[in-house]
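For reference, the structure is listed below as C-alpha cells.
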2 protein chains.
Amino acid sequence: MADRLTPRAREIVTAARDLLEESGPAQLTMRTLADRLGIKAPSLYKHFPDKHAVEVELVAQLLTETAEALEAAEARAPGSLEALAGAYRSYALAHPHLYSLGTERPLPRAELPAGLEDRAALPLLRACAGDLDLARAFWAFAHGMVTLEIHGRFPADADLEAAWKRGLGALGT
Amino acid sequence: MADRLTPRAREIVTAARDLLEESGPAQLTMRTLADRLGIKAPSLYKHFPDKHAVEVELVAQLLTETAEALEAAEARAPGSLEALAGAYRSYALAHPHLYSLGTERPLPRAELPAGLEDRAALPLLRACAGDLDLARAFWAFAHGMVTLEIHGRFPADADLEAAWKRGLGALGT
DNA sequence: GGTCATGGCTAACGACGTTAGCCACTACCC
DNA sequence: GGGTAGTGGCTAACGTCGTTAGCCATGACC
C-alpha cells in the first residue's frame with residue numbers, strides 16, 4: 001500500500017483487485033489481468049517477479065483494510081467485541097474472494113509490510129484486555145463463521161444472525 | 001464410499017487420496033495420478049468424467065470419516081462437546097490437505113451421497129440438545145481453529161491448547 | 001465366430017505461468 | 001547533438017495443466 005510499489009505496479013494491483021473481486025480467483029490470470037490493462041501478459045513481469053508477488057499485494061490490502069475496519073469499529077464502540085465482530089463480518093462478506101485469497105493459504109509473512117499483521121490483530125487484543133487465549137478463540141469463531149458462510153456450508157435457511165449472537169454471547173464479556 | 005463406484009474407480013480414488021495427503025492439492029494432477037497407477041492420464045477419463053468427480057469422492061471420504069470420528073467420540077463420552085472437539089481437531093490435523101480440499105470450496109451437495117452431510121452434523125447436534133444456533137457457533141469455532149492452525153496463521157509460539165480450552169469453556173455446557 | 005463393452009493407448013488442443021530476446025522511447029551527460 | 005542506460009512494451013516459445021478424439025487389444029456373450 002505504500003511506496004514499496006511504483007505507480008505502474010499500483011495500477012496493476014488495482015486491476016488485479018477489480019478482477020479478483022468481480023470474477024473470483026480462477027479468473028485472476030496473468031493474461032486476463034494484462035488484457036484489462038491493455039498490455040500483454042509478459043509485460044507484467046517488468047513490474048512483478050511473478051504472480052505470487054501480485055497476490056501478496058492483494059493480501060496486504062486485505063490486512064490493511066481489515067485493520068481499518070476494526071479500528072473504526074473500535075472508535076465507534078470502544079471495547080465492544082460485538083462491534084468488532086460486526087465489522088469483521090461485514091468487511092469479509094463484502095469482499096469474499098479477497099478474503100478467501102488472503103485466508104486459504106499460509107501467510108507470506110516475510111513479504112508483507114512489517115507490523116501489518118500485528119496492526120490487524122490489535123483492536124481485538126485490546127477488546128480482550130490482553131487475554132490472548134480469548135482473542136484467539138474469538139478470532140477462530142469469527143473466521144469460522146465467515147468462511148463457512150462464504151463457501152455456502154450452512155444450509156440456505158440457516159439463521160446465521162442467531163448463530164453469531166450465540167457465539168458472541170458465549171465468548172463476549 | 002459405496003457401490004456407486006466400480007472397483008477400478010475405487011482404486012483410482014485410493015491413489016488420489018494417497019497423492020493428496022502426501023503431497024498436497026497442487027500435486028494432485030491427472031498426470032501424476034495416472035503415473036501412480038501405471039497408466040496414462042487420458043485413461044482416467046474412462047472412469048471419471050473429470051477431475052472434479054475424483055475430488056468429490058475425496059470430499060465424500062472426508063465427510064464419512066469425520067462422521068465416524070465424531071460418532072466414536074460420542075460413544076466414548078456421550079454428550080461431551082469437549083470430546084467432539086478433540087476428535088474433530090485430531091482428525092483434521094491428521095489429514096490437513098484432505099480437510100482443506102473439502103472445506104475451501106462450496107460443497108458439491110448434489111453429487112454427494114444423500115444424507116452424508118447430515119450424518120456428519122448429527123453428533124454435534126445431539127450434544128447441543130438440538131440447539132441449532134449453539135451447534136453452528138460451535139462448529140464455526142472448531143472449524144476456525146483448525147483452518148487457522150493448518151494454514152499457519154497463529155504465531156508459532158501460540159498456546160493453542162489454551163485457546164481451545166477457552167473457546168470450549170465459553171461455548172460448552 | 002461375430003459383436004460389443006471395457007480399458008488401455010497416442011496425439012493433440014487450448015489455457016496457464018513464465019522466460020528469452022527484441023525494440024521504441026525517454027532522460028541524461030559529454 | 002550523440003551516445004548510453006533505463007523503462008516498459010512486444011512476439012515467440014517452453015513446459016505443465018485438464019481434457020478430447022480416435023485407435024486398438026482383450027474378453028464376455030449369444
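All values below come from the heavy atoms of this structure, side chains included, with hydrogens, waters and symmetry mates left out. Please read all numbers here as calculations on a predicted model, not as lab measurements. Chain letters run A, B, ... following the sequence lines, proteins first, then strands; residues in each count from 1.
The residue among B:P42 and A:R31 whose nearest nucleotide of DNA chain C is located toward the 5' end is B:P42.
For the pair B:L5 CG and C:dT6 P, the interatomic distance rounds to 15 Å; values are reported in whole Å. In this structure, B:K40 atom NZ and C:dA11 atom C1' are separated by 13 Å, rounded to whole Å. In this structure, CD1 of A:I39 is placed 13 Å from C1' of D:dT7, rounded to the nearest angstrom. The separation between A:K46 atom NZ and C:dC25 atom C1' is 13 Å, rounded to whole Å.
Side-chain N/O atoms of A:K51 and base N/O atoms of C:dG17 include no donor-acceptor pair closer than 3.5 Å.
Under the salt bridge (charged side-chain N to carboxylate O under 4.0 Å, His left out) criterion, B:R153 pairs with no residue at all, not counting sequence neighbours.
Classification of A:D131 and B:R166 as a salt-bridged pair holds, one side-chain N sitting under 4.0 Å from a carboxylate O. By the 4.0 Å N-to-carboxylate-O rule, B:E65 lies close enough to B:R17 to be salt-bridged with it. Electrostatic pairing of B:E149 and B:R89 counts as a salt bridge here, judged by a charged N lying under 4.0 Å from a carboxylate O. Using a 4.0 Å cut-off between a side-chain N of Lys or Arg and a carboxylate O of Asp or Glu, A:R119 and A:E71 qualify as a salt bridge.
Regarding contacts with the backbone of C:dG17, every side-chain N or O of A:H52 stays at 4.0 angstrom or more from both OP1 and OP2. Between A:H47 and D:dT7, a side-chain N or O to OP1/OP2 separation shorter than 4.0 Å is absent.
Closest to the side chain of B:S43, out of D:dC10, C:dC9, C:dG17, is C:dC9.
Within residues 11-30 of chain B, the residues approached by DNA chain D to less than 4.0 Å at the level of any non-hydrogen atom are B:L28, B:T29, B:M30, in residue-number order.
Side chains of A:H151 and A:E104: a donor-acceptor N/O pair is present below 3.5 angstrom, by distance only.
Residue A:R8 is classed as a sugar-phosphate contact, given heavy-atom separations below 4.0 Å to backbone atoms only.
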